Visitor: 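Quick one: the structure is below, and I'll ask about it shortly.
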Amino acid sequence: MACSRLFRNFALTVKLPSVTTHKFDSGLLPTETVTTKEELMKYFNDMFTIRRIEITSDAYYKNAEIRGFCHLCDGQEGIYVGMEAGVTHDDCLITAYRDHGQAYMRGETPHAIFAEMFGKITGTSKGKGGSMHFYNKTTNFYGGNGIVGAQVPVGVGLAFALKYQKKPNISMIMYGDGAANQGQVAEAANIAALWKLPAIFICENNKYGMGTAIERASANTEFYTRGDTIPGIRIEAQNIFAVRETMKFAKKWGVEHGPLWLEFSTYRYRGHSMSDPGVSYRNKEEIDKVRATRDPIEYVKHLILDNKLASETELEEIQDKIKEEVNKAAADAKKDPVPDAKELMTDVFSHNRKYFIRNVELKDSALI
Amino acid sequence: MLTRLNQRFSSLLFSASPEVPTGLPATKRTMLAAINNALDTVLTKDQTACVFGEDVAFGGVFRCTDGLRAKHGESRVFNTPLCEQGIAGFAVGLASYGVTTIAEIQFADYIFPAFDQIVNEAAKLRYRTGGQFNCGSLTIRAPYGAVGHGGLYHSQSPEAYFAHTPGLKIVIPRGPVQAKGLLLSSIRDPNPVLFFEPKAMYRASSCDVPDDDYTIPLGKAEIVKHGREVTIIGFGLQLLSLDKAVTRVEKELGITCEIIDLRTIMPLDMETIEKSVKKTGRCVIAHEAPRFGGIGAEIAAKIQEECFLHLEAPIGRVCGWDTPFPLVFEKFYYPDENRAYEEIKRIVLY
């Protein structure tokens, strides 16, 4: 990663890692980009916040205060922050269940994120969705989906709506290396290619579908080629600038030409979910190696320190502050009320019918 | 079955409904023409609306979408590739963005690859997002039911699988007038609706269908014939066999039967059903789908919960047998007017 400082405190030129392409001229992509201190500090801030949300969620889960299923994204933060740096909130985003990073970058506060996981009324889905089901209508974040691969044709529907309504926006459709083998992904790809929809398919390849390594699940592990006629690009997604510049390009391409089939090479430090320690199918050396050489936060941190944009102490102070804020958000969220019993029955249909709910004591029963 | 329909005009299938204003200018239409008219109305009035599915562009395999593409444009009426799961998922995405989405599944028998998208995505989107998102503007149409020769995969009635899923509405018209009014309501209802069209009815004779825009409310059953001694509950094409069976029973036993067309399977209009059964004390439920776990089972359970002390006999059911829908044995499988006659008589004489 060669960088050169052009002007003191002004701009930094960052060379982008090389890409691999499928039916696509890599010459169309930029090879370097420019960043500023403000940008670097923001990226550092955002990525570290996501990291702390995950670490804090892990602690609460192990204490049985978050229940159900919880899929953390430590190690993949560069993707979520990098994507938002390249697009706007008018571009639709849909992903699978590993959605904490996206939820934060699409406008949910740490408080609301924790509240949802704790099952509180102040959660993003009134506590009815949980960790896998974050959404935000105002920022076009369509979740948060539990069924593997189901979000992909839904994302193509969003792309169609955008084109139909002549919006200059894309639909970013995220899925994992495991979901890549779902038949409906191929169906969605065909529809998007046939009708030249502004659908940007993004496979987050973190090398494992739950506990199954990609070599044991996919006959073709070159996920960026599996869009068939759709041009494909594989990037090193641990480099936040690679993600940012690719998404900037994808937005333009999507609106002008149609779909793109992206593969983000990434890695998750933890297991698939909180039920998976994540070490039975890979060894600790592999995890440590990625942490040491490909961590997205460390990359940005080194850029900041190497270019003397901030001192070690300053960064530590920022990290401590974020840690404190996130901890406070979780503690505050914990005190929020749970949803009223009647919320069990709301949002099934557009109109909320009245149901007789029998309580333990008949006298406490209610028509809600 | 089709020839018999043409020979004997069944007043029940071609009757109007009380919600439809009388005296309006009308045209003779078959059910498929009524459906076509409803879709045309929506495409004209709602600029966000689009209609898609396999082969709908040229008019569809049953001609329900005939002429719509030429009139409203190829960006609004278009073919999808052959991929029901992809079609349904795509439709969910489109609807969640606010587009009035009318998707067609070519035969209800093909709806099963789309089952996950309908049951896990469409039905639950409003709930799991805490009300932030919904795909209420989604309507999925599919031809269902026996047609005389359809065999295993062109005859099924899948309503029970979906009735078991909270969050969906299921609507089934019995005739051309209901098809237009119920379809317009379904498309405009802010919840995802499955609209199953009895394919045997598509071309079977025609009746006056008002030209204007009119709706028939969802969630309301219709008493198509009033009577005192027994309540008969059915929907779709079954109203034909029930009409014939009832005529025979009434003559033979000197009784009168009350016939209810459910019109909406989900949500069920239990109020109308309860009132009727409390009056008659006896009930027979009919549907083409297999007996075990069919809609009849749920209705029977609900009736005995609410009307137990009013019942004079167990609740009878006339259903398809618990087998796959057979080809050569369709006549044995199908709950026709003879089986309905036997069951009604059994319950009345209990």
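The sequence lines fix the lettering, A, B, ..., with proteins before strands; numbering per chain opens at 1. The structure presented is a predicted model; accordingly, all values stated were derived computationally and were not measured.
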Visitor: Donor-acceptor check, side chain of A:Thr124 to backbone of A:Glu108, threshold 3.5 angstrom: yes or no?
Guide: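 Here the side-chain-to-backbone pair does not exist.
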Visitor: Using heavy-atom distances under 4.5 Å, tell me whether B:Leu82 contacts chain A through its side chain, its backbone, both, or neither.
Guide: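 Neither part.
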Visitor: Among all residues two or more places apart in sequence or in another chain, which pass the ring-ring contact (aromatic ring centres under 6.0 Å, His included) test with A:Phe118?
Guide: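 In terms of ring-ring contact (aromatic ring centres under 6.0 Å, His included), with neighbours along the sequence ignored, A:Phe118 is linked to A:Tyr60.
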Visitor: Using the ring centroid of each side chain, check whether A:Phe160 and B:Phe90 are separated by less than 6.0 Å.
Guide: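 Yes, close enough.
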Visitor: Does any heavy atom of chain B fall under 4.5 Å from the side chain of A:Leu194, the backbone, both, or neither of them?
Guide: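 Contact with chain B: side chain only.
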Visitor: Which atoms of B:Gln132 come close to chain A, meaning under 4.5 Å heavy atom to heavy atom: side chain ones, backbone ones, both, or neither?
Guide: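 The answer is both parts of B:Gln132.
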Visitor: Which one, B:Gly136, B:Gly130, B:Pro267, leads in non-hydrogen pairs under 4.5 Å with chain A?
Guide: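 The answer is B:Gly130.
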Visitor: As a quick check of understanding, evaluate ring pair (Phe, Tyr, Trp, His ring centres under 6.0 Å) for B:Tyr110 and B:Tyr153, giving each step before the final call.
Guide: CA-CA 8 Å; B:Tyr110 309 161; B:Tyr153 303 117; 8.4 Å; no
Visitor: Looking only at the aromatic ring of each residue, does the gap between the centers of A:Phe69 and A:His133 stay below 6.0 angstrom?
Guide: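 No, they do not, as the ring centres are separated by 6.0 Å or more.
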Visitor: Tell me, out of A:Ser125, A:Gly143, A:Gly155, who's got the most heavy-atom pairs with chain B below 4.5 Å.
Guide: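 Of A:Ser125, A:Gly143, A:Gly155, A:Ser125 has the most heavy-atom pairs under 4.5 Å with chain B.
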Visitor: Any salt bridge between A:Asp90 and A:Lys167, counting N to O under 4.0 Å?
Guide: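 No.
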Visitor: Return the orientation label for the B:Tyr161 and B:Phe112 ring planes: parallel under 30°, perpendicular over 60°, tilted otherwise.
Guide: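 Plane angle over 60°, so perpendicular.
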Visitor: What residues of residues 94-104 of chain B sit under 4.5 Å from chain A when you count only heavy atoms?
Guide: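 B:Leu94, B:Ser96, B:Tyr97, B:Val99, listed by number.
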Visitor: At a heavy-atom separation under 4.5 Å, does B:Glu121 approach chain A through its side chain, its backbone, both, or neither?
Guide: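 For B:Glu121, the contact with chain A is made by the side chain alone.
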Visitor: What part of B:Asp116 gets closer than 4.5 Å to chain A, counting heavy atoms only: side chain, backbone, both or neither?
Guide: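 Answer is side chain: those atoms of B:Asp116 sit under 4.5 Å from chain A.
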Visitor: Between the main-chain N or O of A:Gly149 and the side-chain N or O of A:Gln151, is there a donor-acceptor pair closer than 3.5 Å?
Guide: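 Judged by distance alone, yes, a pair lies under 3.5 Å.
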Visitor: A:Phe141 vs A:Tyr135 aromatic rings, parallel, tilted or perpendicular, using cut-offs 30° and 60°?
Guide: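 The rings of A:Phe141 and A:Tyr135 sit tilted, inter-plane angle from 30° to 60°.
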